[in-house]
Amino acid sequence: MKFDDLDAMMRAFEREYDQKIPEGCFLVARLDGRSFTRLTKEVCSGLERPFDIRFRDAMVETARHLMRCGFEVVYAYTESDEISLLFAYGTTTFERKVRKYVSILAGEASAAFTQAFGTIGVFDCRMVPLPDLDAVRDYFRWRQEDSHRNSQNAYVYWTMRDQGMTAREADKTLLNITNDRKKEILSEVGIEYEATPAWQRWGSGLYMEKVERRGVNPKTGKEEIGYGNAIKVDFDLPVGEPYGEMVKRLASSSFEKAQRSWRKRRYSFSKRK
Ligand SMILES: Nc1nc2c(ncn2[C@@H]2O[C@H](COP(=O)(O)OP(=O)(O)OP(=O)(O)O)[C@@H](O)[C@H]2O)c(=O)[nH]1
Ligand SMILES: [Mg+2]
């Protein structure tokens with residue numbers, strides 16, 4: 001068989017699982033640490049429980065890296081061992097190939113986390129196409145509510161463990177008690193859950209912010225003020241509806257930007273005709 005024929009035959013097999021993310025939808029990726037329960041409880045047994053600032057910072061650094069590694073990310077949200085990324089509407093990076101997004105993002109996240117934390121940490125990644133702005137808002141509100149629920153459970157879990165329960169007993173008890181009972185368990189040991197740091201309950205967000213930049217103009221030798229974009233890390237996110245509106249604003253401005261660019265392209269195309 002000639003090389004070209006063999007090449008065409010093999011490429012056809014390779015393309016069998018090639019999928020593209022559909023156009024006309026918002027796009028989110030969610031990365032989640034693989035077996036981080038083991039990582040945080042056994043491999044790094046010295047971590048603070050239920051929340052460790054070194055772990056949080058490694059997750060934030062990972063999210064920051066994902067915003068700068070060649071994809072168009074307009075918002076990143078992290079809680080516990082997960083990161084959600086909202087991409088610019090209509091992004092054409094990697095021709096929207098699912099396998100490129102999933103494998104590169106998981107690889108970049110694993111490498112960045114490992115470097116930031118100093119222990120090997122591996123991430124999985126899934127892509128979530130969302131039909132409209134309301135779905136984007138609901139997605140991020142869902143993850144924020146999940147953060148709140150998990151964080152309260154983690155406080156209660158470690159309180160019960162410190163009181164002598166085994167891991168299995170604490171897990172079982174958590175499944176069978178009401179929210180009011182959880183609050184009681186915490187207040188009995190002096191923890192007022194609603195007064196714990198906001199990032200522990202509601203997660204952290206990263207988005208671009210306009211910043212002033214001062215520098216010396218090499219031509220004139222004079223100091224000048226310019227403006228640029230920098231990543232802002234927000235450890236005190238709005239909660240509930242205002243949070244949904246914040247995310248919706250970010251998604252909607254990326255949608256409008258895409259619309260403007262399409263209009264421009266269509267206009268220059270019709271002029272050419
Ligand atoms: N000690 C400590 N543990 C944390 C912290 N943040 C997250 N974790 C733990 O990370 C784990 C994340 O849970 P999951 O993603 O549900 O479970 P997993 O073990 O990673 O399993 P898979 O995601 O299915 O691979 C939980 O056990 C959390 O308690 C932290 O700041 N400190
Ligand atoms: Mg995990």
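Just so it is clear, the values below take in all heavy atoms, side chains as well, and ignore hydrogens, waters and symmetry mates. Just so it is clear, the model here is predicted, and its values are computed rather than measured. Counting starts at 1 for both ligands and their atoms, following the listed order.
- Residues D234 and Y207 have side chains that bring a donor and an acceptor to within less than 3.5 angstrom of each other.
- Between the side chains of R143 and Y139, no donor N or O sits under 3.5 Å from an acceptor N or O.
- When T40, L39, T37 are ranked by how near their heavy atoms come to atom 8 (N) of ligand 1, first place goes to T40.
- R201 and T196 share a donor-acceptor pair across their side chains, judged by distance under 3.5 Å alone.
- Under 4.0 angstrom from ligand 1, the non-hydrogen atoms of E48 all belong to its backbone.
- Of all the heavy atoms of P50, the ones lying under 4.0 Å from any atom of ligand 1 belong exclusively to the backbone.
- Note on E169 versus K172: no salt bridge recorded, every NZ/NE/NH1/NH2 to OD/OE distance being 4.0 Å or above.
- Using a cut-off of 2.8 Å, one finds that G33 contributes an N/O/S atom close to the Mg ion (ligand 2).
- The heavy atom nearest to atom 18 (P) of ligand 1, considering only F36, W158, Y157, is found in F36.
- Side-chain contact of Q200 with S151: a donor-acceptor pair under 3.5 Å is absent, judged by distance alone.
- For atom 14 (P) of ligand 1, the closest non-hydrogen atom of the protein is D81 OD2, 3.9 Å.
- Look at D81 and the Mg ion (ligand 2): an N/O/S atom of the residue is under 2.8 Å from the metal.
- Proximity of the aromatic rings of F51 and W199 is defined here by a centroid distance below 6.0 angstrom, and this criterion is met.
- A salt bridge is absent between R15 and D18: the closest approach of a Lys/Arg side-chain nitrogen to an acidic carboxylate oxygen does not fall below 4.0 angstrom.
- Backbone and side-chain nitrogen or oxygen atoms of D52 are examined, and one is located within less than 3.5 angstrom of a nitrogen or oxygen of ligand 1.
- A salt bridge does not link R30 to D124: none of the charged side-chain nitrogens sits closer than 4.0 Å to a carboxylate oxygen.
- Summary of contacts: the protein heavy atom closest to atom 21 (O) of ligand 1 is S35 N, 3.8 Å.
- Between atom OG1 of residue T62 and atom CZ of residue F117 there is a gap of 10.0 Å, rounded to the nearest 0.5 Å.
- K248 has a carboxylate O that lies under 4.0 Å from a charged side-chain N of D134, or vice versa, which qualifies the two as a salt bridge.
- For atom 27 (O) of ligand 1, the nearest protein heavy atom lies closer than 4.0 Å.
- Within the listing of ligand 1, atoms 15 (O), 23 (O) sit less than 4.0 angstrom from a heavy atom of D32.
- Residue side and main chain included, D32 places an N/O/S atom under 2.8 Å of the Mg ion (ligand 2).
- Atom 6 (N) of ligand 1 has its nearest heavy-atom neighbour, among F51, F55, F123, in F55.
- Backbone and side-chain nitrogen or oxygen atoms of R34 are examined, and none is located within less than 3.5 angstrom of a nitrogen or oxygen of ligand 1.
- At a threshold of 4.0 Å, the pair K222-E224 does not count as salt-bridged, since none of the basic side-chain nitrogens sits closer than that to a carboxylate oxygen.
- In terms of polar-atom proximity, R49 is not counted as a contact of ligand 1, lacking any N or O under 3.5 Å from an N or O of the ligand.
- Residue S80 places a heavy atom less than 4.0 Å from ligand 1.
- Counting protein heavy atoms under 4.0 angstrom from atom 16 (O) of ligand 1 gives zero.
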